[in-house]
Amino acid sequence: MQEKKLGKFFKNYVGKKSLFVNKSVLQASYMPNEINHRDEQIEQLASILAPTLRGDLPSNLFVYGKTGTGKTLTVKYVSEQLNKSAEEEKVLMEVVYLNCKLKKIADTEYRLVAQMARHFGKAIPPTGLPTDEVYNVFYKALDEEKKFVLIILDEIDQLVKKIGDELIYNLTRINSELKNSNVSLIGISNDLTFVNNLDPRVKSSLSEEEILFPPYNAIQIQDILRKRSKIAFQPKVIKEGVIEKCAAYAARDHGDARRALELLRVAGELAERKNNKIVKIEHLDSAENKIEKDRILELVRSQPKQFQITLYAIILKNSLQKEKVYTGEIYDYYKKICNEISLRPLTQRRVSDIIAELDMLGVINGRVLSKGRYGRTREISLSVPKFIEPKIIEILEENLEIERKNELF
DNA sequence: CGAGATTCATGTGAAGTATACCTTTAGGCTTAA
DNA sequence: AAGCCTAAAGGTATACTTCACATGAATCTCGTA
């Protein structure tokens, strides 16, 4: 009986016409054939990189602009085109793209260099080798044959914040170590003030050229949404006003096009799931919630155990009491939880760092303040929407195999 | 009453430790001549 | 004797701990008006 029901469900599902024609067009990884409203930046970028084709070394480049302003997309696009032209001109070139924010992949000097070496087919163990050795392997890989290498470091500000700017200094000096190849760097950053806090030597060599990506305005976002949705959706499934509203949402905070596209895609998915034939404005609202929820839940899920326990302590402690919570209380509570699931607690020193990192991730909000006679501590509050909290708790309890005691509530 | 000293709770930097993983080296065993 | 495997030695990165000092405003102290 169940079998029959399911069969029918699947058959229906297949028979049902999807609202989408090509959903991937709305995904962040999608590379459009042409990039709108970024002509100026593309031109700049192209003219800076063009000397490659004549065998000259282009300047290092620093690209900055807020999230969702098309930095990554544009840089990838131009470098791909350049790569194609280079092939035609019989110039050997290689583009290495790395996102420095990815935990466990490119968030330390060792891992970053290792990752770049792996790009050239070298096997580098996750630990054990001296960093110098990894550099050597990387240099050798670069220098095997005469070529031009373009290294793109996305979200470079995150990396420097974490491990300092010496790494970039090393990278800018690569060329003097190489006999055959030439390397130039492109740094991409969300933080507009990032370069100013760099060591002057690093600063001058990294930002020989700079390109600024201003936010899109609402009209530009509308245009982008229209063009893409024309490919992504069936004709006439989007109700009037939806695109405008979507653009307005995104323009509200600094013209984030990625966000607008995601919003539209999720709204479409929601409409489809509810068997609606048309994407309406109310879908946008629920899409906004869903995106935020998914993002945070995924973030929480991917955290290491100790981070999860710390977060769990913060959430519960926070919902238990109305007043602000402080590091000390959190730590006591954290220890209690560790006891309950028989796990050796970390020291307060470490937990303090973990709290700071959770702050960086944007899950919580921490602020160091001095309470005069009563010492100095971090005042901690959650920075996730209230309606997500229960879900986070659920995930954490599942992951940590915690049985919640009623006394906690 | 107010300037300066004191105090508290924890932030924060530096150095040390445990762990997991790497390469190299040396010894022991097998194998083939 | 040469080749191969294994285990020990010696080395590294990373996550964490230990130690010690820094912070900064509420509170206290004490001289002064």
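Hydrogens, waters and symmetry mates play no part in the numbers below; they use all other heavy atoms, side chains included. Chain identifiers are assigned alphabetically (A, B, ...) following the order of the sequence lines, protein sequences preceding nucleic acid strands; residue numbering begins at 1 within each chain.
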A.B. asks: Has Arg350(A) got a side-chain N or O lying under 4.0 Å from the OP1 or OP2 atom of dC16(C)?
C.D. replies: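 Indeed, a polar side-chain atom of Arg350(A) lies that close.
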
A.B. asks: Just how far, in rounded Å, is C1' of dC16(C) from CD of Glu357(A)?
C.D. replies: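 Between C1' of dC16(C) and CD of Glu357(A): 12 Å.
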
A.B. asks: For the pair made of NZ in Lys305(A) and C1' in dC16(C), what is the distance, rounded to whole Å?
C.D. replies: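 Whole-Å distance recorded here is 17 Å.
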
A.B. asks: Give a yes/no answer on whether the side chain of Lys104(A) brings an N or O atom under 4.0 Å of OP1 or OP2 in dA15(C).
C.D. replies: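 It does, given that an N or O in the side chain of Lys104(A) lies less than 4.0 Å from OP1 or OP2 of dA15(C).
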
A.B. asks: Return the value, rounded to whole Å, for the distance between atom CD1 of Ile309(A) and atom P of dC16(C).
C.D. replies: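 Going from Ile309(A) (CD1) to dC16(C) (P), I get 11 Å.
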
A.B. asks: To the nearest angstrom, how far is Arg344(A) atom CZ from dA15(C) atom P?
C.D. replies: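 Rounded to whole Å, this separation is 16 Å.
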
A.B. asks: Quick one, Phe307(A) and Pro304(A) - any side-chain contact, counting heavy atoms below 4.5 Å?
C.D. replies: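 A side-chain contact under 4.5 Å exists here.
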
A.B. asks: Rounded to the nearest angstrom, tell me the gap between atom CG in Leu129(A) and atom C1' in dC21(B).
C.D. replies: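 Nearest whole value for this atom pair: 9 Å.
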
A.B. asks: Grab the CG-P distance between Asp353(A) and dG13(B) for me, whole Å please.
C.D. replies: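 My rounded result for the distance is 9 Å.
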
A.B. asks: Any chance the side chains of Glu397(A) and Tyr312(A) put a donor and an acceptor closer than 3.5 Å?
C.D. replies: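 Yes.
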
A.B. asks: Between Tyr110(A) (OH) and dT14(C) (P), how many Å, whole number?
C.D. replies: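 One finds 8 Å between P of dT14(C) and OH of Tyr110(A), rounded.
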
A.B. asks: Look at the side-chain N and O atoms of Thr127(A) and state whether any lies under 4.0 Å from the OP1 or OP2 oxygen of dA13(C).
C.D. replies: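 For dA13(C), OP1/OP2 do not have a side-chain N/O of Thr127(A) under 4.0 Å.
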
A.B. asks: State whether Tyr374(A) places a side-chain N or O below 4.0 Å from either non-bridging phosphate oxygen (OP1 or OP2) of dT27(C).
C.D. replies: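 So the side-chain polar atoms of Tyr374(A) do come within 4.0 Å of the phosphate oxygens OP1 or OP2 of dT27(C), strictly under.
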
A.B. asks: Could you tell me how the ring of His37(A) sits relative to the ring of Tyr216(A): parallel (under 30°), tilted (30 to 60°) or perpendicular (over 60°)?
C.D. replies: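 Rings of His37(A) and Tyr216(A): perpendicular, as their planes differ by over 60°.
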
A.B. asks: Going by modelled atom types, is there a donor-acceptor pair between the base of dG24(C) and the side chain of Arg373(A) at under 3.5 Å?
C.D. replies: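 Result: no qualifying N/O pair found.
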
A.B. asks: Looking at Gln222(A) and Ala247(A), would you say the former's side chain and the latter's main chain have a donor-acceptor pair under 3.5 Å?
C.D. replies: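 Not a single qualifying donor-acceptor pair exists.
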
A.B. asks: Checking all strands, does Pro345(A) fall into the base, sugar-phosphate, or nothing category for heavy-atom contacts under 4.0 angstrom?
C.D. replies: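 Answer is sugar-phosphate: Pro345(A) comes under 4.0 Å of backbone atoms only.
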
A.B. asks: Would you please classify the geometry between the Tyr139(A) ring and the Tyr135(A) ring as parallel, tilted or perpendicular, with 30° and 60° separating the classes?
C.D. replies: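 Correct class here is tilted.
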
A.B. asks: Rounded to the nearest Å, what distance is computed from the CD atom of residue Gln306(A) to the C1' atom of nucleotide dC16(C)?
C.D. replies: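 Taking atom C1' of dC16(C) as the reference, CD of Gln306(A) is at 10 Å.
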
A.B. asks: Looking at Thr327(A), I'd like to know whether one of its side-chain N or O atoms comes within less than 4.0 Å of OP1 or OP2 on dT10(B).
C.D. replies: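 The answer is no; no side-chain N or O of Thr327(A) sits under 4.0 Å from OP1 or OP2.
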
A.B. asks: Quick one: is Thr131(A) getting a side-chain N or O under 4.0 Å of the dA13(C) phosphate, OP1 or OP2?
C.D. replies: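 For Thr131(A), the contact criterion (side-chain N or O under 4.0 Å from OP1 or OP2 of dA13(C)) is met.
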
A.B. asks: It should be established whether Arg378(A) places a side-chain nitrogen or oxygen under 4.0 Å from OP1 or OP2 of nucleotide dT12(B).
C.D. replies: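 Arg378(A) to dT12(B) OP1/OP2: side-chain N or O found under 4.0 Å.
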
A.B. asks: Can you tell me which nucleotide in dG11(B), dC22(B), dG13(B) comes closest to the side chain of Arg349(A)?
C.D. replies: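 So the nucleotide nearest the side chain must be dG13(B).
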
